[in-house]
Enquirer: 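Please see the structure below; I have some questions.
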Amino acid sequence: NTLSQAVSNGQSYSGLNFGDVQELTIATPQSLAISPGASVTILHVINVRTPGVVAVMLASDQGLGYAVYDDSGCDGEPDGASIVPSGGYYTLNSGSSLAAGTVCIVIKAMAPSSATASMVEELTVMALENWYGTSGTNGDTGMIYDDTADLTDTISVHTGKLRLEKYVRN
């Protein structure tokens, strides 16, 4: 971390905020199985190491249905109604700044009854943070968020029948 400031003798400078800003992290990628017409819940832990507003964005390659919930107890049980997305973002803590610490979310994945047994969904879960006291866009990404972390969950659709695969490696 560096801070550059041109200085002149006799001048006083204010508003220069500098500190150790630690990265946002999200854990852990998961692999789950789901039946057509059923749902499964996925718990993710987000480590907020610098206070700020945190949001989650989901990118689905197969189009399963999703809902995101706050989980203040980090017990895998949703707290209240699902978070309503705005512009594709699910903002945590009703958009209020979060202190440094652990934040948990539950993602509910829903497979349509028409889902085929061979369908495999790779769901990218991205956590984004706008650090407390900052505004504008990130010069590196052009986003309003200062920091991001992501992972990919794998959700396989099965029909309840045993599926055996053999891989040979030379």
Enquirer: Would you name the heavy atoms of Val106 and Pro78 that are closest together and state the gap between them?
Expert: CG1-CG, 4.1 Å

Enquirer: Check whether any side-chain heavy atom of Asp153 lies under 4.5 Å from a side-chain heavy atom of Val125, and answer yes or no.
Expert: yes

Enquirer: Could you pull out the closest heavy-atom pair between Val48 and Thr50, with the gap in Å?
Expert: CG1-O, 3.2 Å

Enquirer: If you group Ile, Leu, Val, Met, Phe, Trp and Tyr by side-chain heavy-atom gaps below 4.5 Å, do Val53 and Met57 land in one group?
Expert: no

Enquirer: Who pairs with Thr25 by side-chain hydrogen bond (donor to acceptor under 3.5 Å, both in side chains), at least two apart in sequence or on another chain?
Expert: Asn47

Enquirer: Do Thr124 and Asp150 have a side chain donor and acceptor closer than 3.5 Å?
Expert: no

Enquirer: Could you walk me through whether Glu23 and Asp147 pass side-chain contact (heavy atoms from CB on, under 4.5 Å), step by step?
Expert: CA-CA 7 Å; Glu23 291 182 323; Asp147 197 7; 4.0 Å; yes

Enquirer: So, for Tyr69 and Ile83, which heavy atoms are closest and what is the spacing to 0.1 Å?
Expert: C-CD1, 4.2 Å

Enquirer: Could you tell me which residues satisfy side-chain hydrogen bond (donor to acceptor under 3.5 Å, both in side chains) with Tyr66, sequence neighbours excluded, listed by chain and number?
Expert: Glu121

Enquirer: Just by modelled atom types, is the Ser72 backbone N or O under 3.5 Å from a matching donor or acceptor in the Asp70 side chain?
Expert: no

Enquirer: Would the number of heavy atoms belonging to other residues, nucleotides or ligands and lying under 6.0 Å from CD of Gln62 be above 12?
Expert: yes

Enquirer: What distance separates Ser156 OG from Leu32 CG, expressed to the nearest 0.5 Å?
Expert: 8.5 Å

Enquirer: If you group Ile, Leu, Val, Met, Phe, Trp and Tyr whenever their side-chain heavy atoms sit less than 4.5 Å apart, what else falls in with Val45?
Expert: none

Enquirer: Quick one about His44 and Asp71 (side-chain donor to acceptor, distance below 3.5 Å, no hydrogens or angles considered), yes or no?
Expert: no

Enquirer: Shortest non-hydrogen contact from Ile155 to Ala109?
Expert: CD1-CB, 3.8 Å

Enquirer: Over all heavy atoms of both residues, which pair between Leu43 and Cys74 is shortest? Give the atoms and the distance, please.
Expert: CD2-O, 4.1 Å

Enquirer: How far apart are the C-alpha atoms of Thr28 and Leu151, what are their side-chain angles, what is the distance that settles it, and do they pass the side-chain contact (heavy atoms from CB on, under 4.5 Å) test?
Expert: CA-CA 7 Å; Thr28 300; Leu151 55 76; 5.7 Å; no

Enquirer: If you take all heavy atoms of Ser97 and Tyr132, which pair is closest and at what distance?
Expert: OG-CD1, 3.6 Å

